[in-house]
Protein chains: 2
Amino acid sequence: MRDGKTGEQIVDHADDLFYRQGFEATSFADIAAAVGISRGNFYYHFKTKDEILAAVIEARIADTQAMIAAWETETEDPEARIRCYIHILLDHQSDIMAHGCPVGTLTSELAKLNHQAQGAANGLFTQLRDWLRLQFEALGSGVEADRNAMRVLAWSQGVATMANAYRDAEFVQHEVEQISAWLAACARDSRARSNRSKPLIPET
Amino acid sequence: MRDGKTGEQIVDHADDLFYRQGFEATSFADIAAAVGISRGNFYYHFKTKDEILAAVIEARIADTQAMIAAWETETEDPEARIRCYIHILLDHQSDIMAHGCPVGTLTSELAKLNHQAQGAANGLFTQLRDWLRLQFEALGSGVEADRNAMRVLAWSQGVATMANAYRDAEFVQHEVEQISAWLAACARDSRARSNRSKPLIPET
DNA sequence: GTCTATACTCCGATAGAC
DNA sequence: GTCTATCGGAGTATAGAC
């Protein structure tokens with residue numbers, strides 16, 4: 001598996017290359033060249049290419065967890081937290097226009113390869129889905145919370161796909177505004193529903 | 001290039017395999033086995049793999065054109081026509097859950113491979129984008145027509161990506177209803193705008 | 001038009017010296 | 001822990017018989 005500096009460098013560069021070139025199109029030679037080691041040395045750290053993929057997915061899950069933790073530190077307002085997620089589209093705009101969403105393109109590729117790591121890669125979506133659902137619940141979306149979480153994921157995925165195809169920064173900017181507006185409307189509706197129900201369910 | 005029955009069969013099977021397995025993961029041996037010819041025979045019809053890809057994209061563009069023509073025959077109502085596009089998500093639901101959107105996954109893969117056929121593959125998006133824009137213009141979306149067309153493309157792409165990851169038919173069903181509802185609201189807004197402007201711009 | 005045979009390259013993976 | 005050397009297999013592509 002991993003051990004220390006070289007192992008971490010392999011995962012870091014593999015992560016980057018899998019994102020930019022795709023998993024299958026990236027060879028051991030590519031990664032070895034990027035890290036600056038020989039192909040033989042490689043197998044001291046990882047026995048198979050699939051093991052590297054597993055390590056990359058694990059690393060991405062840890063990175064995502066750290067990103068989520070940072071958002072939670074930044075604000076306690078669920079609407080603002082969801083906006084943090086949406087703003088990835090702007091923060092990583094040039095990468096997304098060049099290579100798409102790292103999660104969406106990986107899960108798509110693994111689905112076509114019918115790869116065993118599909119479940120692990122889907123975990124990256126589930127991680128975000130669960131966290132977004134919690135935020136929508138805090139926002140008062142109730143039973144719609146998971147559906148709203150999926151909506152945000154799907155919308156951002158769609159924007160990433162089209163941004164990748166057309167490399168259109170203005171389109172990304174506009175869609176981010178639209179998602180934010182939809183989110184604000186969601187929050188408004190939730191507040192309205194909660195105000196209507198209060199007289200019927202008096203607090204104890 | 002192509003010539004008659006065998007050539008067409010190669011394109012048909014390559015189209016199918018590129019969709020189900022991806023372009024790079026599909027070898028000549030795969031296509032030859034599917035068609036039932038030897039690998040050698042192959043090169044009589046196509047000189048390179050890229051030539052097959054070009055023929056596949058060309059065939060898909062023709063197929064899309066035929067699909068659009070069928071929608072136009074079906075109804076003259078722009079809202080109903082756009083709904084025809086949206087309903088691809090239901091008509092091809094099982095394929096999309098298994099392999100994603102044929103257009104989105106191809107353009108994503110070619111972007112990662114930095115393949116020369118990227119532009120041709122994007123033509124598949126542009127074909128739909130232009131037609132959707134025309135429908136939104138007929139619906140009265142005005143300067144928003146292209147943005148609405150992109151919205152529909154992005155939304156459906158996002159639904160396809162998430163449906164592929166989670167294989168969730170209920171999610172697809174629900175999102176199709178949501179897109180249809182948004183479309184109906186679009187049409188309503190356009191009519192309202194046009195009614196408001198009529199007193200100000202009397203017809204001659 | 002279709003076949004077999006084969007050249008050549010690259011890949012993932014292994015063995016073993018240092 | 002890192003290296004060189006190499007194996008076996010698959011890939012694209014070609015040559016030439018039928």
Side-chain angles (χ1 to χ4, degrees), chain A residues 1-59 106 109-110 112-118 120-121, chain B residues 1-57 106 109-110 112-118 120-121:
Chain A
M1 309 291 162
R2 266 200 283 171
D3 64 320
K5 213 176 148 201
T6 305
E8 278 173 33
Q9 275 189 302
I10 290 173
V11 174
D12 283 353
H13 284 99
D15 188 349
D16 183 52
L17 287 166
F18 288 173
Y19 175 42
R20 284 168 28 213
Q21 307 185 341
F23 168 69
E24 218 200 5
T26 300
S27 68
F28 279 18
D30 291 334
I31 306 171
V35 178
I37 58 170
S38 72
R39 273 184 300 166
N41 185 2
F42 224 108
Y43 291 85
Y44 173 78
H45 302 277
F46 297 93
K47 296 205 192 311
T48 68
K49 199 180 175 185
D50 290 349
E51 246 181 50
I52 301 175
L53 176 60
V56 165
I57 292 173
E58 204 183 321
L106 181 65
E109 184 180 359
L110 296 183
K112 295 231 191 246
L113 298 176
N114 207 9
H115 197 284
Q116 54 169 22
Q118 269 177 90
Chain B
M1 307 288 165
R2 266 198 282 171
D3 64 321
K5 213 179 149 200
T6 304
E8 277 173 33
Q9 275 189 301
I10 290 173
V11 173
D12 283 351
H13 284 99
D15 189 349
D16 183 51
L17 287 165
F18 288 173
Y19 175 42
R20 283 171 27 218
Q21 307 185 341
F23 168 68
E24 218 200 5
T26 300
S27 68
F28 279 19
D30 291 334
I31 305 171
V35 179
I37 57 169
S38 71
R39 276 182 299 166
N41 185 1
F42 223 95
Y43 292 85
Y44 172 79
H45 302 277
F46 297 93
K47 296 205 192 310
T48 67
K49 201 180 173 184
D50 289 349
E51 246 181 49
I52 301 174
L53 177 60
V56 166
I57 292 173
L106 181 64
E109 184 180 359
L110 296 184
K112 295 231 192 247
L113 298 176
N114 207 9
H115 196 284
Q116 54 171 20
Q118 270 178 89

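Letters go in sequence order (proteins before strands), and every chain restarts at 1. It should be emphasised that the depicted structure is a prediction, and the values quoted were computed from it without experimental measurement.
Regarding A:Lys49, its NZ atom lies at a distance of 15 Å from the P atom of C:dT14, rounded to whole Å. Atom CD1 in A:Ile52 sits about 11 Å away from atom C1' in C:dA13, given to the nearest Å. Rounded to an integer number of Å, the gap from CD1 of A:Ile10 to P of C:dA13 is 13 Å. Whole-Å rounding puts the A:Tyr43 OH to C:dG12 P distance at 6 Å. Spacing between atom CD of B:Glu24 and atom P of C:dC10 amounts to 14 Å, rounded to whole angstrom units. The interatomic distance linking B:Ile37 (CD1) with C:dT4 (P) rounds to 11 Å, in whole Å. Note: CZ (A:Phe46) to C1' (C:dC11) measures 19 Å, nearest angstrom. Here C:dG1 presents its C1' atom at 13 Å from NZ of B:Lys5, a figure rounded to the nearest Å.
The shortest side-chain heavy-atom distance between B:Leu110 and B:Gln116 does not fall under the 4.5 Å cut-off. Side-chain contact between A:Phe28 and A:Ile10: absent, with no pair of heavy atoms (C-beta onward) separated by less than 4.5 Å.
Among C:dG1, D:dC3, D:dG11, the nucleotide with an atom closest to any side-chain atom of B:Ala29 is D:dG11.
Looking at which nucleotide of DNA chain D each of A:Arg39 and B:Asp30 is closest to, the 5′-most match is held by A:Arg39. Between A:Ala25 and A:Asn41, the one whose closest nucleotide on DNA chain C sits nearer the 5' end is A:Ala25. Nearer the 5' end of DNA chain C, as judged by each residue's closest nucleotide, is the contact made by B:Phe42, out of A:Thr48 and B:Phe42.
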TODO: Let me see the working for B:Asp30 and B:His13 under side chain to side chain donor-acceptor pair (under 3.5 Å), right down to the final yes or no.
DONE: CA-CA 9 Å; B:Asp30 291 334; B:His13 284 99; over 6 Å; no
TODO: Check the pair B:Thr26, B:Ile31 against side-chain contact (heavy atoms from CB on, under 4.5 Å), reporting the backbone distance first and the verdict last.
DONE: CA-CA 7 Å; B:Thr26 300; B:Ile31 305 171; 3.8 Å; yes
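Here the closest heavy-atom approach between residue A:Leu106 and residue A:Ile57 is recorded as CD2-CG1, 4.1 Å.
Side-chain nitrogen and oxygen atoms of B:Thr6 include at least one within less than 4.0 Å of the OP1 or OP2 phosphate oxygen of C:dT2. Between B:Tyr44 and C:dG1, a side-chain N or O to OP1/OP2 separation shorter than 4.0 Å is present.
As judged by a 4.0 angstrom heavy-atom cut-off over every strand, A:Ser27 is placed among residues touching the sugar-phosphate backbone only.
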